Amino acid sequence: MKTFFEQFKFDAKRLLIRNFSFLFFSLLMPAGFYLLFTKIMISGTTAELSKLKLSYLGSMIIYSGIISAIFGIASLLKADRDEGFLCYLQLAPAKAKYYYGSLYLLIILVNLVAVLILQTLAVLLNSVKLDLYQVLFSILIVGIGQLPMVLLGTCLSYLKNKKH
């Protein structure tokens with residue numbers, strides 16, 4: 001378990017501190033889109049707007065999950081494979097299973113943070129009514145729904161680049 005936590009700390013620093021573009025596209029861009037399309041570029045009746053604010057919240061949660069899981073994990077795994085990091089992990093005492101496990105856990109945690117950020121924006125700035133059950137249920141659904149997306153991102157990382 002200590003090996004997993006060491007790998008987790010290493011990957012967290014690498015993914016969250018040194019990779020601003022990942023955080024931007026996973027957290028800030030969905031929040032920005034949510035605010036843009038629910039506060040600035042809006043028209044309609046009050047009932048239509050409240051329905052839009054809630055449905056667009058779900059859309060941005062899905063968007064954040066897709067961006068972080070598919071594009072984030074796929075590009076990170078592809079870069080690590082191309083740079084030989086995965087070959088090094090096969091030789092090191094900390095095997096690749098800790099590497100994949102820590103990356104998957106990080107991606108899921110980042111997406112859960114995105115859910116909380118988006119829900120907080122929806123409640124505080126757009127007066128969307130969410131009760132505790134809805135918040136917890138959406139966190140559970142996102143946590144479970146993120147697994148296939150992460151695995152799809154892993155599969156996409158194995159695609160070859162066409163060289164000219």
Side-chain angles (χ1 to χ4, degrees), residues 4-42 49-83 85-86 96-159:
F4 177 77
F5 285 121
E6 291 297 320
Q7 183 70 43
F8 185 80
K9 283 185 349 188
F10 173 76
D11 287 331
K13 288 177 188 174
R14 190 167 64 116
L15 188 65
L16 303 177
I17 295 172
R18 297 180 186 160
N19 194 353
F20 177 74
S21 63
F22 172 76
L23 288 179
F24 176 78
F25 287 110
S26 297
L27 299 176
L28 298 178
M29 186 176 262
F33 279 161
Y34 181 74
L35 291 177
L36 177 69
F37 289 110
T38 60
K39 292 297 263 182
I40 298 171
M41 301 174 65
I42 56 170
L49 290 178
S50 63
K51 185 177 179 181
L52 170 75
K53 291 173 183 178
L54 187 60
S55 66
Y56 204 69
L57 172 65
S59 297
M60 286 300 100
I61 288 171
I62 292 168
Y63 172 76
S64 174
I66 290 171
I67 289 294
S68 62
I70 293 180
F71 297 115
I73 196 102
S75 64
L76 183 67
L77 291 174
K78 176 100 173 90
D80 286 348
R81 191 174 308 101
D82 291 346
E83 294 170 7
F85 185 67
L86 288 176
K97 66 180 177 182
Y98 296 123
Y99 167 74
Y100 285 110
S102 70
L103 281 180
Y104 293 169
L105 182 61
L106 273 169
I107 295 293
I108 291 170
L109 290 176
V110 165
N111 202 28
L112 292 177
V113 168
V115 168
L116 293 175
I117 289 171
L118 287 166
Q119 288 178 341
T120 302
L121 288 174
V123 169
L124 295 179
L125 299 178
N126 286 335
S127 303
V128 172
K129 305 249 186 273
L130 295 173
D131 59 13
L132 184 62
Y133 173 75
Q134 289 172 315
V135 171
L136 294 176
F137 187 69
S138 65
I139 288 172
L140 176 70
I141 292 298
V142 166
I144 293 170
Q146 192 72 3
L147 291 173
M149 293 291 115
V150 169
L151 295 175
L152 182 60
T154 303
C155 292
L156 288 174
S157 73
Y158 284 97
L159 291 176

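Keep in mind that this is a model prediction, so the values were computed, not measured. Throughout, numbering of the chain's residues begins at 1 and tracks the sequence. Atom set for the values below is all heavy atoms of this structure, side chains included, hydrogens, waters and symmetry mates excluded.
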Participant: Go through the steps for I107 and N111 under the test side-chain contact (heavy atoms from CB on, under 4.5 Å), then give the verdict.
Facilitator: CA-CA 6 Å; I107 295 293; N111 202 28; 5.7 Å; no

Participant: If every non-hydrogen atom of V115 is compared with every non-hydrogen atom of S138, which pair is closest and at what distance?
Facilitator: CG1-OG, 4.2 Å

Participant: How long is the straight-line distance from CD1 of I108 back to CD1 of I144, given to the nearest 0.5 Å?
Facilitator: 10.0 Å

Participant: Quick check for you: to the nearest 0.5 Å, what is the distance between I141 atom CD1 and I139 atom CD1?
Facilitator: 11.5 Å

Participant: Looking at residues at least two apart in the chain, or sitting in another chain, which of them share a ring pair (Phe, Tyr, Trp, His ring centres under 6.0 Å) with F37?
Facilitator: Y56

Participant: Decide yes or no for V128 and T38: does some side-chain heavy atom of the first lie under 4.5 Å from some side-chain heavy atom of the second?
Facilitator: no

Participant: Could you report the tightest heavy-atom contact between L57 and Q119, atom names first, then the distance?
Facilitator: CD1-N, 3.9 Å

Participant: Flag yes if more than 12 heavy atoms outside F137 fall under 6.0 Å of its CZ atom; otherwise flag no.
Facilitator: no

Participant: Evaluate the side-chain proximity of V110 to L16: yes if any heavy-atom separation is below 4.5 Å, no if none is.
Facilitator: yes

Participant: What's the verdict on side-chain contact (heavy atoms from CB on, under 4.5 Å) for F71 and L156, showing C-alpha distance, side-chain angles and the deciding distance?
Facilitator: CA-CA 9 Å; F71 297 115; L156 288 174; 6.0 Å; no

Participant: Could you check if a side-chain atom of L121 sits within less than 4.5 angstrom of a side-chain atom of M60, using non-hydrogen atoms only?
Facilitator: no

Participant: Quick check for you: to the nearest 0.5 Å, what is the distance between L118 atom CG and S59 atom OG?
Facilitator: 10.5 Å

Participant: Please report the C-alpha distance between I73 and S157 in whole Å, then the side-chain angles of each, then the deciding distance to 0.1 Å, and finally whether the side-chain contact (heavy atoms from CB on, under 4.5 Å) criterion is met.
Facilitator: CA-CA 8 Å; I73 196 102; S157 73; over 6 Å; no

Participant: Quick check: closest heavy atoms across A114 and S64, and the distance to 0.1 Å?
Facilitator: CB-OG, 3.2 Å

Participant: Counting C-beta onward and ignoring hydrogens, is there a side-chain heavy-atom pair between Y100 and L86 closer than 4.5 Å?
Facilitator: yes

Participant: Does some side-chain heavy atom of Y98 sit less than 4.5 Å from a side-chain heavy atom of E6?
Facilitator: no

Participant: For L116 versus T120, what's the shortest heavy-atom pair and its separation?
Facilitator: O-OG1, 2.6 Å

Participant: Can you give me every donor-acceptor pair (side chain of residues 23-36, partner residue at least two apart or in another chain, under 3.5 Å) with its distance?
Facilitator:
| residue | atom | partner | partner atom | Å |
| --- | --- | --- | --- | --- |
| S26 | OG | F22 | O | 2.9 |
| Y34 | OH | K53 | O | 3.0 |
| Y34 | OH | N126 | ND2 | 3.2 |

Participant: Between L147 and Y104, is any pair of side-chain heavy atoms under 4.5 Å apart?
Facilitator: no

Participant: Distance check, rounded to the nearest 0.5 Å: D11 atom CG versus K9 atom NZ?
Facilitator: 12.0 Å

Participant: I need the minimum non-hydrogen distance between N19 and L15, along with the two atoms involved.
Facilitator: CB-O, 3.1 Å

Participant: Is a side-chain N or O of Q146 found less than 3.5 angstrom from the main chain of G143, in a donor-acceptor match?
Facilitator: no

Participant: Under a 4.5 Å cut-off applied to non-hydrogen side-chain atoms, are Q7 and F10 in contact?
Facilitator: yes

Participant: Less than 4.5 Å apart, any side-chain heavy atom of I66 and any of I62?
Facilitator: yes

Participant: Quick one: pull up OG in S75 and CG in D82 and give me the separation to the nearest 0.5 Å.
Facilitator: 11.0 Å

Participant: My understanding is that only residues two or more places apart in sequence, or in another chain, count here; which of them pass ring pair (Phe, Tyr, Trp, His ring centres under 6.0 Å) with F20?
Facilitator: none

Participant: Give the C-alpha distance, both sets of side-chain angles, the deciding distance and a yes or no for side-chain contact (heavy atoms from CB on, under 4.5 Å) between T154 and L103.
Facilitator: CA-CA 10 Å; T154 303; L103 281 180; over 6 Å; no

